[in-house]
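The figures here come from the full heavy-atom set of this structure, side chains too, leaving out hydrogens, waters and symmetry mates. Order of the sequence lines fixes the chain letters, A, B, ..., with proteins taken first and strands second; residue numbering starts at 1 for each chain.
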2 protein chains.
Amino acid sequence: MKVTINDVAKLAGVSMKTVSRVINKEPSVRKKTYDLVMSAVNELNYQPNIAARNLAGTSSFAIGLVYDNPNAYYVIDMQNGVLSRCKEEGYELVIHPCSYHDDNMQEEFKTMIKRSRLAGLVLTPPLSEQQSIIDMLDELGVHYVRLLSGRDTDINERNNCILVNDYAAAYEITEHLISLGHKRIAFVLGDKEHKSTSERLAGYHKALKAHNIERSDSLIYEGSYSFESGVNGAKELLKNGNPNNITAILGGNDEVAAGALFAARLMNIDIPAELSITGFEDSPFSRQTWPKLTTAHQANNVISEHAARLLFSKARGSRQQDKDVKTTFTPSLVVRESTGYAK
Amino acid sequence: MKVTINDVAKLAGVSMKTVSRVINKEPSVRKKTYDLVMSAVNELNYQPNIAARNLAGTSSFAIGLVYDNPNAYYVIDMQNGVLSRCKEEGYELVIHPCSYHDDNMQEEFKTMIKRSRLAGLVLTPPLSEQQSIIDMLDELGVHYVRLLSGRDTDINERNNCILVNDYAAAYEITEHLISLGHKRIAFVLGDKEHKSTSERLAGYHKALKAHNIERSDSLIYEGSYSFESGVNGAKELLKNGNPNNITAILGGNDEVAAGALFAARLMNIDIPAELSITGFEDSPFSRQTWPKLTTAHQANNVISEHAARLLFSKARGSRQQDKDVKTTFTPSLVVRESTGYAK
DNA sequence: AAGAAAATTGACAGCGTTGTCATTGTGGCA
DNA sequence: TGCCACAATGACAACGCTGTCAATTTTCTT
């Protein structure tokens, strides 16, 4: 019933170890032997036993994805990207959502790492930006790759990071609004624990400056990456008859923008005639509002796939830094119906 | 560095096997011995090696969640529910999205099952409703629990199913609309491959009949569980000046309802003054549209947690059918702003 | 063509648990 | 008290693979 490595070895007429070499794609196996073994593998439909490999080998055949993010679309994209790479490599994916607010999270996290002896971890914001976590992983000697908001110049982040250039993207979005004649542009920020928040804010400031538009703190609402925050932010910014003459609102992400849209509707404000709104990320969200959102496209599944790629190439030993691993991504502007000329 | 079962045994002054018994909660260990071992476990902060347990034991310490569902909120809820149970039991969760359209999916699926020797599987619709999959799993002798749309009376579905009574929920939703005076109630159906679609339709029919309202095929749009389908369905149903005098639309789920809402807005139809719309599932979606959706609340995370519960209780050997496993769930009506009196 | 170096393969001992079965301890009953 | 049944524990061999290192074969030198 169960086919083991011995059965394959017997059929191929080689030693068990040689079969092991073949399935692990180790070098120094003659082509002829390789083919011989592979045909035996196929004939018997052999599936290596993961548990045995984990036990005998130094590293395991599973990687972990760690996140603390309430945004379902984001998480699913991340999972799918990493998963597609895992499939390719014959690894399993263990998902590990956790809450960074939780005090004993870190301890629990450590336990789980030690238990499962994962081959590596993909960390997403904001955990990827938390120094204490990084330190712990370094101490434990675990391979990991961090997904971060950052610019090309941030290469001091060693070589285990995938950077998303929110700064440039925010610049582009802001400039788009400016080009439509907007000058009083508000910003509903995301969680301040996320580096993306400060990066996006910095990009926005930079664009304002480049076009000689004065910045004002009264245009900034410090919120979080949620629909509710978008609602509250817009309400706050526009209350009392919009004293700041805001003509456009940058949403920290698509959810926030959708929330702002919602609030605008409650206040009978027409989008985009009276107010322009933009999102960030281009999640399905941005196509399911009315009107559809102008946003910055960020292919989270592609990004996370590259994160996994980088992780595997690191875990395999840094023989070669895979060239097809792209380590910097810049979201690009997608113009839809939620932005228009300033009134 | 690494603490093994031997270290614990030595410290506790018992044999390795006894420690094994304790950590596996096997009966027939004296209380005194148990405490002795446990204190050694705690002192050394011992973590059993999962790989070794998998290899030596008959079943592994991970379960799988299988889904083919584009709805991110749904998937995340499912994952989180199962995950919370896994944490409790010290198991890992391996996620396995797959596409039932894909021809070699089944083969690939089989391979992965054999590879990872999972302790069990939680299957979600529509895969849980696909006979060929069930047959394959039976043949492989894998434990599984199915999440299905069905009624209490469907107990012929052996005892490894968790039922969601969409029939009753659709009845309730439809009755809600009828009580508001609606008589021309349209229905944008979900994918026909999903049993929930026919169940929801049946509940709707039943409610119409109970209130002597004639049914009409011209009020039914056969779509799928997506936003786009909701848009198209509503457009189709209401086109040419709404010849069927539709005053309410049942969305197959919240996404569909959101799509219908979107379409209505494009057609300048006021919700709920001119048209009532309802969703299904009470996903975050239903609170992020304007107006918010009347829907049927379905706690997917709770449901999936119970599915995992059931799976564990089965896998442990059917000693006792855990009484705290609830196997039937009926979504309940949540009235929000998208429904109103018929005009 | 012999000898050395390099490439390829194999033998064998773990990896850290659990299953099996044998051994020891404990309490009940005649 | 002595014997038996049964509960509690232990010894030891798997589980299916990989790491190590030694043996063999091939290739290259001169």
[X] side chain, from C-beta outward: closest of [options]:
X	options	answer
B/Ala56	D/dC17, D/dG10, C/dT17	C/dT17
B/Ser28	C/dT17, D/dG16, D/dA8	D/dA8
A/Ile23	C/dG16, C/dT18, D/dT18	D/dT18

Is a donor-acceptor pair below 3.5 Å formed from side chain B/Arg21 to base C/dG19, judging by atom type as modelled? no
Whole angstrom is fine here: how far is it from [atom1] in [X] over to [atom2] in [N]?
X	N	atom1	atom2	result
B/Asn24	D/dT9	CG	P	15 Å
B/Leu55	C/dG19	CG	P	12 Å
B/Lys17	C/dG16	NZ	C1'	13 Å
B/Ile5	D/dA13	CD1	C1'	15 Å
A/Arg53	D/dG19	CZ	C1'	14 Å
A/Ile50	D/dC17	CD1	C1'	12 Å
A/Lys31	C/dT8	NZ	P	13 Å
B/Glu26	D/dA7	CD	C1'	14 Å

Scan B/Phe61 against the nucleic acid and name what it touches under 4.0 Å (heavy atoms): base, sugar-phosphate only, or nothing. nothing
Would you tell me if any nitrogen or oxygen in the side chain of [X] comes within less than 4.0 Å of OP1 or OP2 on [N]?
X	N	value
B/Tyr34	D/dT9	no
B/Thr18	D/dG10	yes
B/Thr4	C/dC15	no
A/Asn54	D/dC17	no
A/Arg30	C/dT8	no
A/Ser20	D/dG19	no
A/Asn6	D/dG16	no

For the atom pair CG (B/Leu118) and CD1 (B/Ile63), what is the distance rounded to the nearest 0.5 Å? 8.5 Å
Side chain proximity check, A/Ile162 to A/Ile303, heavy atoms < 4.5 angstrom: yes
Under 3.5 Å, is there a donor-acceptor pair between the A/Gln79 and B/Gln79 side chains? yes
Would you confirm whether the ring centroid of A/Tyr91 sits within less than 6.0 angstrom of the ring centroid of A/Phe312? yes
If you assign B/Val14 and B/Gly57 each to the DNA chain D nucleotide with the nearest heavy atom, which residue ends up on the more 5' nucleotide? B/Val14
Which atom names give the shortest non-hydrogen contact between A/Met78 and A/Ser304, and what distance separates them? O-OG, 3.0 Å
